Amino acid sequence: TIPDSVTSIGEYAFSGCSSLTSITIPDSVTSIGDYAFYYCDKLKSLEIPDGVTEISEYMLYACLGLESLALPKDLYEICDYGLYACESLKTIDIPDSVVGIANYAMYDCIGLTELELPSSLRALGAYSLYKCTNLKTVKIPSNVTSVGDGSFLDCTGIEKFTVAAGNETYCAKDGILYSKDMTELVCFPRGRKDTSFSVPVGVTKIGGEALSRTQIKTLKLPSTLREIGDYAFAELPIESIDLPAKLTTIGGDVFCKCDALREIKLPDSVTEIGAEAFNECAALEKGTLPASLTTLGQFAFSGCVRLAEITLPALLENLGDAAFMGCTSLKTIAVNKKNGWFTVENGVLYNKNKTTLVCYPSGLAGTTFAVPNAVATIAPYAFAVNHTLTAVTLSDRLTEYVTEMKTITLPKSVATLGAGVFAFCSSLEKIDVAKDNAAFKWENDTLLSADGYKLYFYSPANKAEEVIVPLSVAQLMD
């Protein structure tokens, strides 16, 4: 029992108290800090005084055994991760004063079987009710003006949405959540077993996570569609899809892990493809990039192990790091002759003046490679997930090296190393640092800064069970 003289419970006050089963908070308490009861996994019940106005960030995070929770009558907000993974809660009475349930606020509350959202509610944050798998029904209150991406992701018990009369932002049609004017598809109920679906004509945007992880195998999109949000179709079992002629934007991770998708043809209206848009589409063999494309995000096709051909169009100017990382069937990257930013030589992708090596295709044959002398920069992940190269010789002009080899030589000119520089280089045994290199040194299978303060790399090829970090090291680099 906390004394009546206490008015505030500070951050982390009871964090990790795994033996705590009950606690009495006096009415004098008006604020409870972030992480206050973080991972109190045996706490069974809690009554929060009426003077408290918010469930602070991570306040009851992973209170796995919490079965009963009484919220204060004037509660204003459940903040980010506030009730994350309170998996034993079967019901919760949210007072009609709460205006916001923030990002991940009630993520993984798998015990919840019923939840009435208060009429005062205005916003549901991103992934706010993600993975509440036993929740059966949800009614969007009349004052809600914002439903974040993934709010109901993996809520596999919800078969339909309803929207309260008077809501001016959202509506439900056939149990599916749309914007009021029916121009945006917001969320498809995860409890439905449909294997085919036609998006209504008039929809111009499919929101983030709107259809991800559903059972839809056949998806028909309307000619009115212009934008597809992040993760909208992620992990769908689709084999092919026709994209409308006037589509302009494909967000990040849109087709991520669509394992059955074999071919995608993008219309010439598309100007931007977001990060990881086709990441780990393991069956994808051919992707035709549209002539209109100007931006291809980082990791856009990474892990597409069957992708055998790709051509960069004339207008492509912005190419994200690792766009084709792990495409182990990709032997070369073709570039339109009119492209003013990139070029290919012997299958390797460079910037136009060949001062930057952008990508060494993972499927390109050969065990050794000498970086041309004109190259001053190697882009992040340029050699990542290459299982054939055993040695690379770097150019003397190299000033920045951002790389799967057994040995690498750093010449004296290399002074900086980018993030993820040796990512996935599981076979790398040794980095030979030139004697006159003033920035780095190699000691005991470890790449260090010359002063020993920064640790950049430890060779995973040695398979040591124990790694001893030198006492001089103050920073572990990305």
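What you see is a predicted model, and the numbers here were worked out from it, not measured in a lab.
- Side-chain contact between N143 and V99 is absent, with no heavy atoms from C-beta onward closer than 4.5 Å.
- Distance check: L83 CG to L89 CG gives 7.0 Å after rounding to the nearest 0.5 Å.
- Applying the ring pair (Phe, Tyr, Trp, His ring centres under 6.0 Å) test to Y58 and every residue at least two apart in sequence or in another chain returns Y35, Y61, Y81.
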Verdict with reasoning, F197 to F188, per ring-ring contact (aromatic ring centres under 6.0 Å, His included): CA-CA 10 Å; F197 177 64; F188 189 94; 5.1 Å; yes
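- Between the side chain of S128 and the backbone N or O of G125, at least one donor-acceptor pair lies under 3.5 Å.
- Inspection of the R226 and T183 side chains reveals no N or O donor paired with an N or O acceptor under 3.5 Å.
- With S449 contributing its side chain and K454 its backbone, the two residues share a donor-acceptor pair below 3.5 Å.
- In this structure, T294 contributes its side chain and T271 its backbone to a donor-acceptor pair below 3.5 Å.
- When each of F161, Y107, Y130 is checked for a ring pair (Phe, Tyr, Trp, His ring centres under 6.0 Å) with F152, only F161 meets the rule.
- Within the 4.5 Å cutoff, side-chain heavy atoms of L289 are placed close to those of I273.
- Across all non-hydrogen atoms, the minimal contact from V335 to F342 is CG1-O, 3.5 Å.
- At most 12 non-hydrogen atoms from other residues, nucleotides or ligands lie less than 6.0 angstrom from CD of E168.
- Exactly one of I78, L66, L71 qualifies for a side-chain contact (heavy atoms from CB on, under 4.5 Å) with I92. That residue is L71.
- Side-chain atoms of E209 and Y127 form a donor-acceptor pair, as typed in the model, at a separation below 3.5 Å.
- Environment of CD in E317: crowded, with over 12 heavy atoms of neighbouring residues, nucleotides or ligands closer than 6.0 Å.
- Atom OG of residue S240 and atom NZ of residue K217 lie 13.0 Å apart, to the nearest 0.5 angstrom.
- Scanning both residues, A382 and V358, for their nearest heavy atoms gives CB-O, 3.6 Å.
- Side-chain atoms of N279 and S302 include a donor-acceptor pair closer than 3.5 Å.
- With T224 contributing its side chain and V203 its backbone, the two residues share a donor-acceptor pair below 3.5 Å.
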Might you work through the side chain to side chain contact (heavy atoms under 4.5 Å, CB included) test for Y453 and V473, ending with a clear yes or no? CA-CA 4 Å; Y453 288 171; V473 172; over 6 Å; no
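- Two residues are said to be in side-chain contact when any heavy atoms from C-beta on lie closer than 4.5 Å; L330 and F301 fail this criterion.
- Sorted by first and then second residue, the salt bridge (Lys or Arg N to Asp or Glu O under 4.0 Å) pairs with a member in residues 134-162 read D154-R213; sequence neighbours excluded.
- Counting only heavy atoms from C-beta outward, the side chains of L284 and V305 never approach each other to under 4.5 Å.
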Stepwise side chain to side chain donor-acceptor pair (under 3.5 Å) test for T30 and T7: CA-CA 6 Å; T30 57; T7 59; 5.5 Å; no
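- Other residues, nucleotides and ligands contribute over 12 non-hydrogen atoms within 6.0 Å of the CZ atom of F14.
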L46 and I23: side chain to side chain contact (heavy atoms under 4.5 Å, CB included), yes or no, with the steps? CA-CA 7 Å; L46 185 66; I23 186 168; 3.5 Å; yes
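- With R190 contributing its side chain and S212 its backbone, the two residues share a donor-acceptor pair below 3.5 Å.
- The main-chain N or O of D4 is found under 3.5 Å from a side-chain atom of S28 such that the two form a donor-acceptor pair.
- Between T214 and L211, the shortest heavy-atom contact is OG1-O, 2.8 Å.
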Between F324 and L296, is the side chain to side chain contact (heavy atoms under 4.5 Å, CB included) condition met? List the steps. CA-CA 10 Å; F324 306 106; L296 184 62; 3.8 Å; yes
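- For the pair S151/L129, no side-chain contact is recorded, criterion being any heavy-atom separation below 4.5 Å from C-beta on.
- Between the side chain of S56 and the main chain of I32, a donor-acceptor pair closer than 3.5 Å is present.
- A donor-acceptor pair shorter than 3.5 Å can be found between the side chains of D96 and S119.
- Within a 6.0 Å radius of NZ in K180, other residues, nucleotides and ligands contribute more than 12 heavy atoms.
- Side-chain atoms of L266 and L243, non-hydrogen and from C-beta on, do get closer than 4.5 Å to each other.
- Here E309 contributes atom CD and I333 contributes atom CD1; the two are 12.5 Å apart, rounded to the nearest 0.5 Å.
- For the pair D80 (side chain) and N103 (backbone), a donor-acceptor distance under 3.5 Å is present.
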Would you please test L247 and V270 for side chain to side chain contact (heavy atoms under 4.5 Å, CB included) and show each step? CA-CA 6 Å; L247 182 70; V270 172; 4.2 Å; yes
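- Although no hydrogens or angles enter the test, the distance criterion places no donor-acceptor pair under 3.5 Å between the side chain of T249 and the main chain of E272.
- In terms of heavy-atom proximity, A384 sits nearest to S362 at O-OG, 3.5 Å.
- Side-chain N or O atoms of N167 include one that pairs as donor or acceptor with a backbone N or O of Y170 at under 3.5 Å.
- Rounding to the nearest 0.5 Å gives a distance of 10.5 Å between CD of E54 and OH of Y76.
- At a threshold of 4.5 Å between non-hydrogen side-chain atoms, the residues L60 and Y39 do not count as touching.
- Few gaps surround CD on E263; more than 12 heavy atoms of other groups in view lie less than 6.0 Å from it.
- Here the closest non-hydrogen pair linking L124 and L117 is CD1-CD1, 4.1 Å.
- Rounded to the nearest 0.5 Å, atoms CG (L312) and CH2 (W341) are 12.0 Å apart.
- Interatomic distance, S329 OG to R306 CZ, rounded to the nearest 0.5 Å: 8.5 Å.
- A heavy-atom distance below 4.5 Å is not found between the side chains of V469 and Y458.
- Of all heavy-atom pairs spanning P200 and M182, the tightest one is CG-CE, 4.4 Å.
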